[in-house]
Structures are given as structure tokens and as C-alpha cells.
Amino acid sequence: MLKLLTLFDLKSKRVLIRVDFNVPLVDGKVADDFRISAVLPTIKHCLSEGASVVLMSHLGRPNGQNNPDMSLMPTGEKLAELLEMPIKFSDNCVSSDARDVSLGLKPGEIHLLENLRFHDDETKNDKRFSYQLSKHGDIYINDAFGTAHRAHASNVGVVEYFSKKGMGFQIEKELQFLNSVTRNPQRPLTLILGGAKIGGKLELINTFIHEADSILIGGGMAFTFLKAKGLDVGASIVDDSIIEIAGNILIQAKKRKVELLFPTDFLVAENIDKPKDRECVECDHIPSSKMGLDIGPETVQIFSDIIHSSGTVIWNGPMGVFEKPEFKDGSQGIAQAMAKASHEGVITVVGGGDTASAVKQFGLHNDMSHVSTGGGASLELLSGNQLPGLFALEQ
Ligand code: AMP
């Protein structure tokens, strides 16, 4: 059983919290504080119960090297601003100086450690590194849902050095939503998938073919299925290694009577950088020199109608290249339909980093029932897989 933070006596204790401060930085400043805000309830609870707090996180992929562009210092500044209090910062997460700062913390103080991935021992789940990290706290709390699908030192190795360990409020919230939509969803249950890569989502499709009432597939991954159906998809992205699997999924869906829908129209262009020659075409009239870069308005309408008649909708993967204004309308249309449906009582769950940032870009993130902070982790959990970061806490 995973233990929740509220079950621990925190008075005068040092709580070591694995947070997910892997946020976008622009010109050395935090561009989006979504993930920092998400763990404020956990941090505030510890402080109000008389504990001191040591925070550790990764940011980006520095590959074991000290990289000032990936320093967590800006996240500390943002946290200090959000909590309106000073934060202590150490520039090496396992130095003796950093450990001394943690040991000297008074109740109500916060100490943020520098990027864990400046040491490649973090991703190697190294024993000694895990032990060094454990010296920062008396109690270990994991509140980094976004890395729970990885077995690293700060969320798996470190755990064995603590008798008191548990999860924070953010992980609890993620589990509540994601488990309830898979175990006991309000029906009909609709899964919407998009994005460029199909491989990582195959397992999800295989799981949901047994669970969902409808599966709607847009984005770049739709073209592999359309090709498997025998359609000419022009220059659109296709994963040829998966065509056979895609064909089997089509057969499975028919057998199980799951509604598996693909776009009926697309916005196509010669390539992403030539949006001016874009046009809207039927799915069986994609010109050979052009690629599909967004779903068309007819598809948005069809998908929106299904969203409105669903009890639960899970959306993972954008419908088009939403980063370009010319190809954002499909994703925006789906986000708007989901937002409207949420207000009508449909449970709407958005998972995946790109989808979450698309929804945020459209200003609709507060209209969804739940926007997951973890892309890969939410995919794994929804696929029915165990997350190593959570499994370690149960031992
Ligand atoms: P993924 O990581 O697989 O969820 O893919 C997300 C990316 O898919 C986003 O950056 C989108 O720009 C991209 N994407 C969505 N639709 C298409 C498409 N039709 N063609 C190429 N890329 C796409």
C-alpha cells in the first residue's frame, strides 16, 4: 500500500521530496510553472506541520555533465516567488556542503538541490549515489509523477534507505484520476490518440481495445493505419515497421465491436515549412507530393460529437502539428469540445507532455477534469503497467 504524506508525523523532521521541476526555461527564466505549482500543496503541508523540506529534481537531459543552461536555480527563484519566502540552494546535490545545509535546516525552511542529472549515477540508479541522496532527509516523499515510469536513484534506489516513505498529493491526485478512468470509467469511454510516434501508444491501444467504446485516431499516427487500410497517404509520415500490427489492430477492433475512427479530411501541405500551399482534402484524396499535417474541420465535427456523447474521454497526442499556427485548429477544436463536454459532466483527462502544452496554449487546461503532469508515466499507467517509482514505495 502506498502511504500518503498525511499519515506521517512531520514535526521537526527533514522531508526529502522528489519533485518534478523539469520545466521549460527561456532566457534563464521559468516559462511555464505548471509542474512547480502542482507540488505546492505537498511542500506547504510539510512546512505547516513543522517540517523542513529538501527538494530534488532533474531538468532536461544534461547527460551527466554540469550544464549551467539546465541549472535548477531558476526553478528555485520561481518557487521562492510563489511561496513568498527565501529558498536555500546547493549547486551539487551530493556534496558534503549540500548535506550540511540539509542537516542544519530549521523547521519551515526549504533547501533545493541542483539538477540530479548532472551526475549520470542518477539515471543508472547507482547505489552509492542513492545512499548519498538519502542523507538529506529523515522521511522520503515522492511527488514526481512525471518520472515514476523510470527506475532512477532519486525515486527507486534512494527508497531502500528509508523506513518512512510515501507519496505526495500530486501523485495521489494523478493515481486517483487515472486509476478511476481505467478501473471504473463513466461510460461510454472514448480514447483519443494522436501525435507523431505510434510505437509508444500501441500498448495503450491494445489495452483500450478491451476497455473503450470508441477509439479516435488523429495526428501523424493516423497515416500508418490509413496505409494499412490500403489508402494512399501521399508524403504523410508513416511507420512502415508497424503496418502489419496496425492491420491486426483494425481486425481486433472489428471483432470486439470497438468503434475505431480515423480522420475523414486533412489539412495537407508540401511540408511543415510551406504552410502557404496548405489545402483541405478528403482522406482518400491526399496528393502524392503533400503530407497531412492536421485533421480537417469535418473530422473535428465528427470527433466532437463523439466527445459530447461520451461519459469519459482520455486524450493523448495532438491532432496535428499544433506548434505551427497553420496546423493548430484540429487540436484546438478537440480541446474546445473537451472543455465544453467537461462543463456538461463528461470526465475529461489529458495526458502527455505535448497534449498538455497544446491545451495550455489554447488556455483550456483549467476546463479539463484532469491534465496529467506525466506523459510517459500516464501512458504506462493507462496501459495497465506498474510504475517502478511507485512500486519501490510499496516495498
Ligand atoms: P508524440 O510525441 O508522438 O505524441 O508526438 C507529438 C508531436 O507530433 C507534436 O510535436 C506534433 O507536432 C506532431 N504531429 C502531430 N500530427 C502530426 C502530423 N500529421 N505529421 C507530423 N507530425 C505530427
Side-chain angles (χ1 to χ4, degrees), residues 22 24 32 60-61 146 149 191-205 208 215-228 231-242 245-246 261-275 277-300 303 314-335 349-362 371-383:
N22 183 26
D32 180 354
R61 291 185 179 172
H149 60 310
L191 174 68
I192 308 177
L193 287 179
K197 294 183 290 291
I198 185 168
K201 289 161 199 138
L202 280 177
E203 219 180 329
L204 191 63
I205 300 176
F208 274 79
I215 301 179
L216 317 180
I217 298 190
M221 62 184 283
F223 299 106
T224 300
F225 284 95
L226 294 181
K227 191 165 175 190
L231 286 180
D232 185 351
V233 298
S236 308
I237 54 165
V238 168
D239 188 340
D240 281 310
S241 67
I242 287 175
I245 300 176
L261 287 188
F262 299 96
T264 55
D265 60 345
F266 290 104
L267 287 190
V268 298
E270 231 153 76
N271 61 56
I272 296 172
D273 301 316
K274 273 193 174 173
D277 72 352
R278 98 197 133 124
E279 57 178 320
C280 183
V281 298
E282 300 282 301
C283 63
D284 51 359
H285 282 87
I286 301 176
S288 59
S289 63
K290 292 195 168 177
M291 59 198 302
L293 293 167
D294 196 9
I295 57 172
E298 184 183 272
T299 305
V300 172
F303 283 12
I314 301 168
W315 179 21
N316 192 309
M319 294 290 102
V321 183
F322 74 96
E323 297 92 339
K324 292 265 176 192
E326 295 84 359
F327 303 111
K328 70 162 179 40
D329 288 357
S331 302
Q332 190 164 9
I334 297 305
V349 180
V350 175
D354 281 310
T355 326
S357 46
V359 167
K360 186 123 204 254
Q361 182 182 310
F362 307 138
V371 180
S372 179
T373 49
S378 64
L379 268 181
E380 292 283 336
L381 199 73
L382 290 169
S383 301

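Counting starts at 1 for both ligands and their atoms, following the listed order. In this chain, numbering begins with 1 at the start of the sequence shown. Below, each value reflects all heavy atoms present in this structure, side chains not excepted, and no hydrogens, waters or symmetry copies.
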### Query
For atom 8 (O) of ligand 1, which protein heavy atom lies nearest, and how many Å away is it?
Ala196 N, 3.1 Å
### Query
Purely on distance, is any nitrogen or oxygen of Lys201 under 3.5 Å from one on ligand 1?
yes
### Query
How far is atom 17 (C) of ligand 1 from its nearest protein heavy atom, and which residue and atom is that?
Gly220 N, 3.4 Å
### Query
Considering only heavy atoms of Gly219, which atoms of ligand 1 have at least one such atom less than 4.0 Å away?
16 (N), 19 (N)
## Note on the structure
The closest protein heavy-atom partner of atom 21 (C) of ligand 1 is Ile237 CD1, 3.6 Å
### Task
Please could you name the atoms of ligand 1 that Gly292 approaches to less than 4.0 Å, counting only its heavy atoms?
18 (C), 19 (N), 20 (N)
### Query
With under 30° as parallel and over 60° as perpendicular, where do the rings of Phe266 and Phe223 fit, or are they tilted in between?
tilted
### Rounded distance [0.5 Å steps], CG in Leu193 versus CD1 in Ile198
9.0 Å
### Query
Looking only at protein heavy atoms, which one is nearest to atom 22 (N) of ligand 1, and how far off is it?
Val321 CG2, 3.7 Å
### Query
Roughly how far, to the nearest 0.5 Å, is CG of Leu267 from CD of Glu279?
9.5 Å
## Note on the structure
Separation between CG (Leu231) and NE2 (His285), nearest 0.5 Å, reads 10.5 Å
### Message
So, applying side chain to side chain contact (heavy atoms under 4.5 Å, CB included) with Leu261, which one of Ile192, Ile215, Leu216, Thr299 is it?
### Response
Leu216
### Backbone N/O of Pro318 and side chain of Ser331: donor-acceptor pair under 3.5 Å
no
### Message
Using a strict threshold of under 4.0 Å (side-chain N to carboxylate O), is an ion pair present between Lys324 and Asp294?
### Response
no
### Nearest neighbour in protein (non-hydrogen) for atom 12 (O) of ligand 1
Glu323 OE1, 2.7 Å
### Task
Kindly compute the distance separating CG (Asn316) from OG (Ser378), expressed to the nearest 0.5 Å.
5.5 Å
### Task
Name the closest protein heavy atom to atom 6 (C) of ligand 1, giving the residue it belongs to and the distance to 0.1 Å.
Asp354 OD2, 3.2 Å
### Query
Any non-hydrogen atom of Phe223 lying under 4.0 Å from ligand 1?
yes
### Task
Looking only at protein heavy atoms, identify the closest one to atom 2 (O) of ligand 1 and say how far it is in Å.
Lys197 NZ, 2.9 Å
### Query
In the protein, what heavy atom is nearest to atom 14 (N) of ligand 1, and what distance, to one decimal place, separates them?
Gly320 O, 3.9 Å
